[in-house]
Protein chains: 2
Amino acid sequence: MKEEKVKRDKIPPTTVARLPLYLRCLQSMQDRRIDSVSSFKLAQLTGHNPAQLRKDLSYLGEFGTRGVGYDVDELIRQIGKWLGAAKVRQVAIVGAGHLGRALCSYKGFINRGFSVAGIYDVDPAAIGQQVAGLKVRHIDELERQNLSGSIEIGIIATPAAAAQATADSLVRARVRSILNFAPVKLNVGAGVCVRNVDLSTELQIIGFHLASLEHGITSDCCS
Amino acid sequence: MKEEKVKRDKIPPTTVARLPLYLRCLQSMQDRRIDSVSSFKLAQLTGHNPAQLRKDLSYLGEFGTRGVGYDVDELIRQIGKWLGAAKVRQVAIVGAGHLGRALCSYKGFINRGFSVAGIYDVDPAAIGQQVAGLKVRHIDELERQNLSGSIEIGIIATPAAAAQATADSLVRARVRSILNFAPVKLNVGAGVCVRNVDLSTELQIIGFHLASLEHGITSDCCS
DNA sequence: TTTTGTGAAGCGATTCACAGCA
DNA sequence: TGCTGTGAATCGCTTCACAAAA
């Protein structure tokens with residue numbers, strides 16, 4: 001426990017970001033009754049370098065067998081443990097627009113150990129509507145509903161203008177981390193973890209590469 | 001033109017990824033009639049280091065005035081130019097599930113110079129339905145509809161199992177770049193640029209940080 | 001022999017610190 | 001004086017190359 005704490009601090013963010021993809025590949029192998037895998041094979045499937053894969057896993061511990069490879073079940077167990085997948089995490093989605101609704105019915109969340117505990121909005125027209133079996137509630141209710149703190153994650157799927165106020169609500173409701181889809185830099189107190197996903201930023205990056213193609217650059221596509 | 005080609009090759013991917021956020025901040029300042037900004041101010045607003053901001057901009061050219069700062073209008077023009085925002089880019093969305101529909105009606109795309117040219121699926125139940133003013137068509141029609149090559153970007157919003165086949169269709173339809181929401185590593189020929197966005201990966205990364213908190217780690221939240 | 005785990009080298013991005021200008 | 005633009009220093013991640021182990 002003490003030892004794991006020390007180790008967690010040392011895992012590079014880039015490694016953490018790759019773990020979910022490793023996990024997904026491994027689960028797909030498990031489904032196909034493959035029980036052992038080498039760093040070469042798994043790296044090829046995930047599009048990485050074998051040395052990088054081994055180094056990534058070495059941050060978590062030593063699970064391989066030299067001359068053989070990794071046991072698929074064991075690796076799934078270990079990566080899952082480090083990603084905190086032992087327990088189902090409750091998520092609150094704020095914003096009952098198209099994106100919020102899509103996220104609410106997204107199967108991928110459930111499969112990875114996340115459960116949508118509620119969907120919230122401020123628009124009277126949206127409140128009360130049924131979305132994927134959940135009733136849209138007013139954001140102000142979240143604070144009261146989460147007195148136990150069981151909802152640890154908030155997803156912001158509101159327009160940019162409402163994002164900061166939404167973040168404030170989520171922080172008041174004792175949410176510990178936020179996934180932000182609004183194209184705004186959020187200010188939250190220390191101890192609340194924010195990750196940003198911006199859909200149009202991704203398109204704009206693609207736009208840069210298209211413009212580069214138009215200037216006759218063919219090399220290294222997208223990054 | 002020749003010179004710009006050389007420069008484009010030298011811009012780090014990390015810089016490109018930050019440009020859209022700079023642009024957005026600048027546009028918000030322009031709306032508020034602010035016409036000049038220092039690297040300190042813009043860095044603060046975007047959550048970056050002033051030196052990094054200046055270095056990022058220096059890859060594009062020299063637009064600042066020493067002792068004063070940057071002209072907001074000029075900077076917007078320049079960043080827009082490098083991101084290829086001069087022309088509206090046509091996008092095809094594949095997958096008419098919740099996510100595909102949400103993307104189809106997403107205002108952020110239009111505002112940033114992208115236009116949804118069509119939405120496609122393979123499910124007979126979905127085909128023919130109306131989504132945000134567009135009729136869902138069969139994916140096989142895309143190839144014929146894009147003989148002119150005006151659709152440069154494809155968005156994959158299908159289930160993971162269908163993603164590779166969808167990518168193949170998009171490549172056949174002469175799409176030049178792909179934004180992939182399926183949690184799968186796509187194999188496409190050289191010259192086609194792929195960017196991956198995985199919503200549950202983001203939650204899993206948050207899961208790692210929540211697990212770290214449970215182990216008593218308070219430092220550096222999310223990355 | 002095969003494949004892991006890892007020190008060391010290599011590489012790219014960030015940050016510093018200051019010269020160059022307005 | 002104030003702020004940009006940038007070489008130099010630093011930091012952290014990736015990749016190499018090989019010793020260790022099955």
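Just so it is clear, the values below take in all heavy atoms, side chains as well, and ignore hydrogens, waters and symmetry mates. Quick note on labels: first sequence line is chain A, next is B, and so on, each numbered from 1.
- Across every non-hydrogen atom of A:I139 and A:Y120, the tightest pair is CA-CB, 4.0 Å.
- Residues passing the ring pair (Phe, Tyr, Trp, His ring centres under 6.0 Å) test with B:H48, sequence neighbours excluded: B:Y22.
- OP1 and OP2 of D:dG12 both lie 4.0 Å or more from every side-chain N or O belonging to A:T14.
- Sequence neighbours left out, the pairs with a member in residues 155-166 of chain B that pass side chain to side chain donor-acceptor pair (under 3.5 Å) are B:Q164-B:D168.
- With sequence neighbours excluded, the residues satisfying side-chain contact (heavy atoms from CB on, under 4.5 Å) with B:S177 are A:I206, A:L210, B:I153, B:C193.
- Residues satisfying the side chain to side chain donor-acceptor pair (under 3.5 Å) criterion with A:E74, sequence neighbours excluded, are A:R77, A:Q78.
- Of the residues in residues 17-28 of chain B, none lies under 4.0 Å from DNA chain D by heavy-atom distance.
- Under the rule for a side-chain contact (heavy atoms from CB on, under 4.5 Å), the partners of A:T201 that lie at least two apart in sequence or sit in another chain are A:D198, A:Q204, A:I205, B:P20, B:R24.
- With sequence neighbours left out, B:E202 forms a salt bridge (Lys or Arg N to Asp or Glu O under 4.0 Å) with A:R195.
- Chain A approaches DNA chain C within less than 4.0 angstrom (heavy atoms of the protein), and the contacting nucleotides run 5' to 3' from C:dT2 to C:dA8.
- With sequence neighbours left out, the side chain to side chain donor-acceptor pair (under 3.5 Å) criterion links B:R112 to B:Q27.
- Within residues 32-59 of chain A, the residues approaching DNA chain D are A:N49, A:A51, A:Q52, A:R54, A:K55, by heavy-atom distance under 4.0 Å.
- Of the residues listed (A:V194, A:L170, A:V192), the one engaging A:L186 in a side chain to side chain contact (heavy atoms under 4.5 Å, CB included) is A:V194, and it is the only one.
- Salt bridge present: A:E214 and B:K87 bring a charged side-chain N and a carboxylate O closer than 4.0 Å.
- When only modelled atom types and interatomic distance are considered, B:S36 and B:D71 share no side-chain donor-acceptor pair under 3.5 Å.
- For B:S38, there are no side chain to side chain donor-acceptor pair (under 3.5 Å) partners, not counting sequence neighbours.
- Near-neighbour residues of DNA chain D inside residues 60-70 of chain B, defined by a heavy atom below 4.0 Å, number-ordered: B:E62, B:F63, B:G64, B:T65, B:R66, B:G67, B:V68, B:G69, B:Y70.
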